[in-house]
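Only this structure's heavy atoms are used, side chains among them; waters, hydrogens and symmetry mates stay out.
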Amino acid sequence: IYEENSLASVIEITEFCEDVYNSVTDFFNSYPEKIILVVHNRVDTANGSYYPAPPHINMYVSRSFTAEFGAKVDNWLKFLLIHELSHYVNMTIEKGLFYGLSRVMGESVSSIPGALIPGWAIEGIAVKLESDFTDGGRGNNPFFEIYSKALILENKLFSWRQAAYSSYHHPPLSRIYIGGYIINYVMIICFIYS
């Protein structure tokens with residue numbers, strides 16, 4: 001869904017959306033048939049979001065990302081779609097009790113567990129996939145890595161509980177991304193070596 005002033009971005013997105021869909025859905029082994037994507041061009045910042053009712057992705061495409069998301073990102077729209085599609089597929093996964101209930105009560109029901117999942121668990125997997133499926137991504141970004149290393153070296157790493165939410169009053173603001181990426185990375189290493 002888009003307005004005419006977003007047409008150039010929409011055309012660019014269509015060039016890689018099938019490849020992104022295949023990569024992300026294969027990772028989760030869940031294959032939604034229809035995904036609503038709303039492209040917005042009347043904003044000042046580039047960003048995206050997954051919204052559960054009804055399930056859809058918003059992409060805000062007015063300008064490209066800042067260096068925080070990775071200087072090596074060759075296509076920031078692809079990066080953004082990977083990140084937000086990861087949320088979409090993760091929150092609407094075609095398995096479990098809530099997916100079964102969504103077949104009867106409406107598709108938004110499958111996203112209910114998302115309200116119960118800590119921020120690090122939601123964002124960590126999306127940061128991992130944006131890093132695995134692009135040349136950039138926060139996981140491949142030295143700027144993002146510095147946050148993690150500084151917190152560890154200064155012995156100021158936030159708790160699991162604090163990694164569940166972002167806060168302007170208790171930096172870093174991006175701790176759900178940092179915590180999620182670190183936790184996912186550690187879990188993968190533990191899995192490989194167990």
Side-chain angles (χ1 to χ4, degrees), residues 1-3 6 9-10 13-40 43 45-61 69 76-134 137-139 160-167 174-188 190-191:
I1 300 170
Y2 64 95
E3 290 183 317
S6 301
S9 296
V10 170
I13 291 166
T14 61
E15 293 172 3
F16 52 75
C17 66
E18 293 295 326
D19 292 335
V20 168
Y21 175 88
N22 291 334
S23 297
V24 172
T25 56
D26 285 350
F27 177 84
F28 286 102
N29 195 25
S30 182
Y31 303 89
E33 290 180 25
K34 180 180 179 183
I35 299 171
I36 299 171
L37 173 64
V38 182
V39 179
H40 303 270
V43 292
T45 59
N47 208 336
S49 63
Y50 161 74
Y51 192 77
H56 69 278
I57 296 171
N58 293 300
M59 290 179 65
Y60 306 98
V61 298
F69 299 102
W76 68 274
L77 287 172
K78 183 176 182 181
F79 163 93
L80 181 61
L81 183 59
I82 290 168
H83 186 94
E84 298 308 331
L85 185 60
S86 298
H87 289 320
Y88 186 100
V89 178
N90 191 16
M91 294 295 111
T92 62
I93 199 154
E94 299 172 323
K95 298 174 182 77
L97 172 66
F98 288 97
Y99 174 70
L101 291 173
S102 74
R103 307 290 287 164
V104 177
M105 300 174 70
E107 61 186 349
S108 295
V109 173
S110 65
S111 296
I112 289 175
L116 309 171
I117 298 172
W120 65 262
I122 293 170
E123 294 299 344
I125 196 70
V127 171
K128 179 185 180 340
L129 294 186
E130 78 190 25
S131 303
D132 288 354
F133 298 147
T134 68
R138 283 170 268 219
W160 282 75
R161 184 172 171 228
Q162 291 170 323
Y165 62 93
S166 290
S167 171
S174 58
R175 68 181 175 210
I176 59 175
Y177 303 97
I178 295 168
Y181 188 72
I182 291 171
I183 292 165
N184 272 283
Y185 187 80
V186 169
M187 290 170 70
I188 289 167
C190 291
F191 178 76

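- Judged as a side chain to side chain contact (heavy atoms under 4.5 Å, CB included), and not counting sequence neighbours, the contacts of T25 are Y21, Y31, P32, V89.
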Q: Please step through side chain to side chain contact (heavy atoms under 4.5 Å, CB included) for the pair Y165 and R175, ending with a clear verdict.
A: CA-CA 7 Å; Y165 62 93; R175 68 181 175 210; 2.7 Å; yes
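- Under the salt bridge (charged side-chain N to carboxylate O under 4.0 Å, His left out) criterion, no residue pair touches residues 90-111, with sequence neighbours excluded.
- Annotation: salt bridge (charged side-chain N to carboxylate O under 4.0 Å, His left out) contacts involving residues 76-92, sequence neighbours excluded, are absent.
- We find the CG-NE2 distance between N47 and H40 to be 11.0 Å, quoted to the nearest 0.5 Å.
- Taking the six-membered ring for Trp and thresholds of 30 and 60 degrees, F79 and H83 have nearly parallel ring planes, at less than 30 degrees apart.
- Cation-pi geometry between R138 and Y177 is satisfied (NZ or CZ under 6.0 Å from the ring centre, within 45° of the ring normal).
- Between G137 and T134 the shortest heavy-atom distance is N-OG1, 3.7 Å.
- How far CD1 of I112 is from CZ of F98: 5.5 Å, rounded to the nearest 0.5 Å.
- When atom types are taken as modelled, the side chain of S111 and the backbone of T92 share no donor-acceptor pair closer than 3.5 angstrom.
- Nearest heavy-atom pair across Y99 and S110 is CA-CB, 4.2 Å.
- The OH atom of Y50 sits 10.0 Å away from the CD1 atom of I122 when rounded to the nearest 0.5 Å.
- Distance check, rounded to the nearest 0.5 Å: CD1 of I82 to CZ of F27 gives 12.5 Å.
- The distance from the OG atom of S9 to the CH2 atom of W76 is 6.0 Å, given to the nearest 0.5 Å.
- For E3, the side-chain hydrogen bond (donor to acceptor under 3.5 Å, both in side chains) partners are R42, not counting sequence neighbours.
- For Y51, the side chain to side chain contact (heavy atoms under 4.5 Å, CB included) partners are A53, H56, N58, not counting sequence neighbours.
- Qualifying side chain to side chain contact (heavy atoms under 4.5 Å, CB included) partners for I13, counting only residues two or more places apart in sequence or in other chains: F16, C17, L37, V39, M59, L77, L81.
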Q. Going through the checks in order, is the side chain to side chain contact (heavy atoms under 4.5 Å, CB included) test met by L85 and F28?
A. CA-CA 11 Å; L85 185 60; F28 286 102; over 6 Å; no
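- By the 4.5 Å heavy-atom criterion applied to side chains, S102 and S108 are not counted as neighbours.
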